[in-house]
Amino acid sequence: MVLTLDQKNKIWNAVLSQIKTKITDRNVFDAFIADTKIYRIDGDVMVISTGSKLSCQFLKSNDHYLSLIKDCLKDQTETEYKLSFISKEELKDATKVVVSETKSSFFSSCSLNPKYNFDNFVVGGCNKEAVQASLLVANNPGVSFNPLFIYSKSGLGKTHLIHALGNYIRTNSPYKKVLYITTDAFIDEYVKFSRGEQQEENLKDFLKNVDVLLVDDIQFLSEKVKTSEMFFNVFNTLISNNKQIVLTSDRHPNELKGLEDRLVSRFNMGLSVNIKNPDTTTLISILKTKIESNGLDLKSFDEDGLLFLAENFSKNVRELEGALNRLLFYTINIKHVSKIDLSTIKESVRPMISIKDKSKTITENQIIETVCDFYHLTENQIKSKVRTSQIALARQISMYLCRLLVGTPFDKIGKIFSRDHSTVMSSCEKVELLLKTDSQLQGAINTLKKQLKS
Ligand code: ADP
Ligand code: MG
């Protein structure tokens, strides 16, 4: 909810009056609390400006007065805000505040979601690097790793992490202007101004005025030539002014198609981190976190039931969450059971698993993606002319699996890999021959098949 200055003042005056009636030491009120105001509200974080650095320090570190303020604020607003304090000295740059508040009509559909933070993001081997890099950037925005580029397949936590990073900066550096936008929203705003509904300069100024720009799903910029041009311009200005940019994407910058090379090379300037498929232990920890955040008792859930969920929804945390939601709905509303064992879990998510099985038609792209993941290669490498033994083997395996699992004709496989019909044929034959004797290859192909069919 966006409040006018007048509404903010009204709320705060009521809070101050209530504090005054509850406080025992009037001197504390006069010295540290009387001269406070609401500076900004970002989701569930309320930033309070204080009269001096000393009062800022006092309020930050004094739990008693902090909870007194929170209680009074809750009485007035029926909302449990997290409080963050900033002194007037730190707010000297008043003009910047005016600019950022008056132009907030841009990107009205986007805002940071307070429910995503670092505390409820489970860290495992699959995302350790991405979390470490995000924390480093959140603690020192604009100082290193600029831009930070987070990429992964869908449902593995990119959006959660970029929001966590933004929320962290807003709480710990409240004077920094953080803007979270989706690439779709950026394209929409751009289209509005090309229709003449707003001026390009205003939009550019607005973007160039932020301290931290978070852009989700940058792959959607592909083929949007004009929008990309403007983004390039904003990007360069922000980076050269040491403003932080964080981007997420469903693939590595080098794999982004339909984007100009100059933009891709800018994306590669900072640090790119990948989130991989989570292992079972991480998935179980995620499940446990979600169960607890729903206010439920973990003891009611059998461990082997959680293992069953983690193994059957291992590729996408969003799907795993969907399965958990279904389970909770089923057990609470339909079965009215309090103990959730393996058979209850299987019964509740059975429709989801059978839908998954039915919808499981393997495609050539999935094969290439899975083989690339397995051998730590990129799609470009596997499709290139490079003939180093590992890349060549991964390429031959991909061709073989396309033939085996999808039944793709040789010439179609040839087109995918820019090879002729006979090269594809001999690659497939080579894999078949090797499979008879090479146990390592047998293991690799079995794992790949399992991953593709799961
Ligand atoms: P992406 O943007 O990569 O498609 P999201 O960030 O939308 O994925 O994640 C999908 C869901 O999974 C979200 O509800 C998110 O909270 C949850 N999620 C993903 N990874 C984790 C994790 N490591 N810990 C906790 N929740 C996670
Ligand atoms: Mg996302």
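Ligands are counted one by one from 1 in listed order, and the atoms in each one are counted from 1 as well.
In terms of polar-atom proximity, F121 is not counted as a contact of ligand 1, lacking any N or O under 3.5 Å from an N or O of the ligand. Between G155 and ligand 1, at least one N/O pair is under 3.5 Å apart. Backbone and side-chain nitrogen or oxygen atoms of V317 are examined, and none is located within less than 3.5 angstrom of a nitrogen or oxygen of ligand 1. Polar contact check, L161 against ligand 1: no nitrogen or oxygen pair lies under 3.5 Å apart.
The Mg ion (ligand 2) has an N, O or S atom of T159 under 2.8 Å away, backbone or side chain.
With 3.5 Å as the limit, one finds no donor-acceptor pair spanning the side chains of N268 and S265. Y330 and E347 share a side-chain donor-acceptor pair at under 3.5 Å. Side-chain atoms of N120 and T289 include no donor-acceptor pair closer than 3.5 Å. Looking at S154 and R318, their side chains do bring a donor and an acceptor atom within 3.5 Å of each other. The closest side-chain donor-acceptor pair between N325 and K290, if any, does not fall under 3.5 angstrom.
When heavy-atom distances to ligand 1 are checked against a 4.0 Å cut-off, I286 comes that close only through its side chain, counted from C-beta outward.
Remark: minimum distance from atom 11 (C) of ligand 1 to any protein heavy atom is reached at E321 OE1, 3.6 Å. Among all protein heavy atoms, the one lying closest to atom 8 (O) of ligand 1 is G157 N, 3.1 Å. In terms of protein heavy-atom proximity, atom 26 (N) of ligand 1 is closest to K290 NZ, 3.1 Å. Here the protein heavy atom with the shortest distance to atom 23 (N) of ligand 1 is V122 O, 2.8 Å.
For ligand 1, the atoms lying closer than 4.0 Å to a non-hydrogen atom of S154 are 4 (O). Within the listing of ligand 1, atoms 23 (N) sit less than 4.0 angstrom from a heavy atom of N127. Near N120, with a cut-off below 4.0 Å to any heavy atom, the atoms of ligand 1 are 24 (N), 25 (C).
Of the residues listed (Y168, Y116, F118), the one engaging H163 in a ring-ring contact (aromatic ring centres under 6.0 Å, His included) is Y116, and it is the only one.
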For E364 and V406, what are the C-alpha separation, side-chain angles and deciding distance, and is it a side chain to side chain contact (heavy atoms under 4.5 Å, CB included)? CA-CA 7 Å; E364 290 89 358; V406 191; 3.7 Å; yes

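Under the 4.0 Å criterion applied to side-chain N and carboxylate O atoms, K192 and E189 are assigned as salt-bridge partners.
With H160, R318, E319 as candidates, the residue nearest to atom 7 (O) of ligand 1 on a non-hydrogen basis is R318.
With a 6.0 Å cutoff to the six-membered ring centre and a 45° limit on the axis angle, R262 counts as a cation-pi contact of F232.
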